[in-house]
Visitor: 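Here you go, one structure.
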Amino acid sequence: MWMMVMFDLPTETKQQRHAASRFRNCLQDLGFSMAQYSVYLRFTGTRENSQKYIRAVKRNNPCTGDVNILFFTDTQFGDIIHLDKTDAPTILAQRPNQLQLF
């Protein structure tokens with residue numbers, strides 16, 4: 001399961017820019033990777049595992065602006081078509097390797 005956080009936060013005042021920057025830094029600290037400037041992705045494994053990230057995003061959500069959270073299965077995520085200026089194939093974030101504990 002992949003979790004995508006998309007946001008549109010105001011940046012008109014210094015305080016709003018600071019809040020938006022703090023929110024982006026929070027997402028990065030939680031292990032999210034930037035797909036686009038206001039779109040961040042993270043592999044969560046299962047929907048149940050994503051609950052702690054949902055709580056963290058809600059806790060750090062700025063008071064203004066819009067934040068949306070979407071979920072994708074591995075198959076759906078693998079079907080994403082990414083185009084850029086060079087028309088070269090671009091690989092989005094890869095599913096992390098399974099961690100084994102002995």
Side-chain angles (χ1 to χ4, degrees):
M1 181 67 61
W2 287 86
M3 182 174 170
M4 176 185 284
V5 177
M6 302 182 305
F7 55 91
D8 184 18
L9 303 176
T11 57
E12 296 169 358
T13 67
K14 186 175 182 178
Q15 289 177 332
Q16 290 173 336
R17 285 189 296 274
H18 181 67
S21 180
R22 192 170 52 240
F23 185 68
R24 281 191 302 276
N25 290 338
C26 169
L27 291 175
Q28 290 174 339
D29 291 344
L30 289 169
F32 285 82
S33 300
M34 185 171 67
Q36 292 181 7
Y37 188 67
S38 295
V39 179
Y40 284 74
L41 297 165
R42 187 182 201 297
F43 180 76
T44 60
T46 65
R47 182 68 181 250
E48 292 80 26
N49 290 343
S50 65
Q51 294 304 313
K52 65 180 176 182
Y53 299 108
I54 294 170
R55 284 191 300 273
V57 170
K58 286 181 178 179
R59 194 172 41 248
N60 292 285
N61 182 24
C63 297
T64 59
D66 295 317
V67 177
N68 296 292
I69 300 173
L70 291 93
F71 296 94
F72 301 95
T73 64
D74 279 342
T75 303
Q76 292 168 326
F77 185 80
D79 289 340
I80 293 175
I81 297 171
H82 177 78
L83 304 173
D84 62 9
K85 295 179 213 170
T86 63
D87 288 334
T90 303
I91 298 173
L92 295 176
Q94 294 292 314
R95 179 180 179 175
N97 293 329
Q98 183 68 34
L99 179 65
Q100 284 186 317
L101 300 175
F102 297 96

Visitor: Do Val39 and Phe72 belong together in a cluster built from hydrophobic side chains that touch within less than 4.5 Å?
Guide: yes
Visitor: Are the side chain of Thr44 and the backbone of Met1 linked by a donor-acceptor contact shorter than 3.5 Å?
Guide: yes
Visitor: Do the side chains of Tyr37 and Arg24 get nearer than 4.5 Å, heavy atoms only?
Guide: yes
Visitor: Is the shortest heavy-atom distance from the side chain of His18 to the side chain of Ser21 under 4.5 Å?
Guide: no
Visitor: Go through the structure and list residues passing side chain to side chain donor-acceptor pair (under 3.5 Å) with Gln15, not counting sequence neighbours.
Guide: none
Visitor: Given the rule that I, L, V, M, F, W and Y join up when any side-chain heavy atoms are under 4.5 Å apart, are Met6 and Phe23 in one cluster?
Guide: no
Visitor: For the hydrophobic clusters of this structure (ILVMFWY residues joined by side-chain heavy atoms under 4.5 Å, transitively), does one cluster hold both Leu70 and Phe32?
Guide: no
Visitor: Nearest 0.5 Å please: distance from the CE atom of Met34 over to the OH atom of Tyr40.
Guide: 5.0 Å
Visitor: State yes or no: do Leu27 and Tyr53 share one hydrophobic cluster built from I, L, V, M, F, W and Y residues joined by side-chain heavy-atom distances below 4.5 Å, directly or via other members?
Guide: yes
Visitor: Tabulate below the donor-acceptor pairs under 3.5 Å that side-chain atoms of residues 61-69 make, not counting sequence neighbours, or state none.
Guide:
none

Visitor: Looking only at heavy atoms, what is the nearest atom pair of Met3 and Ser50, with distance?
Guide: SD-CB, 4.2 Å
Visitor: Look at the rings of Trp2 and Phe77 and say which category their plane angle falls in: under 30° parallel, 30 to 60° tilted, over 60° perpendicular.
Guide: parallel
Visitor: Is any side-chain heavy atom of Lys14 closer than 4.5 Å to one of Arg17?
Guide: yes
Visitor: For Glu12 versus Gln16, what's the shortest heavy-atom pair and its separation?
Guide: N-OE1, 2.9 Å
Visitor: Should Leu41 and Leu30 be regarded as members of a common hydrophobic cluster, given that ILVMFWY residues are connected when their side-chain heavy atoms come within less than 4.5 Å of each other, either directly or indirectly?
Guide: no
Visitor: In Å and rounded to the nearest 0.5 Å, what is the CZ to OG1 distance from Arg47 to Thr73?
Guide: 12.0 Å
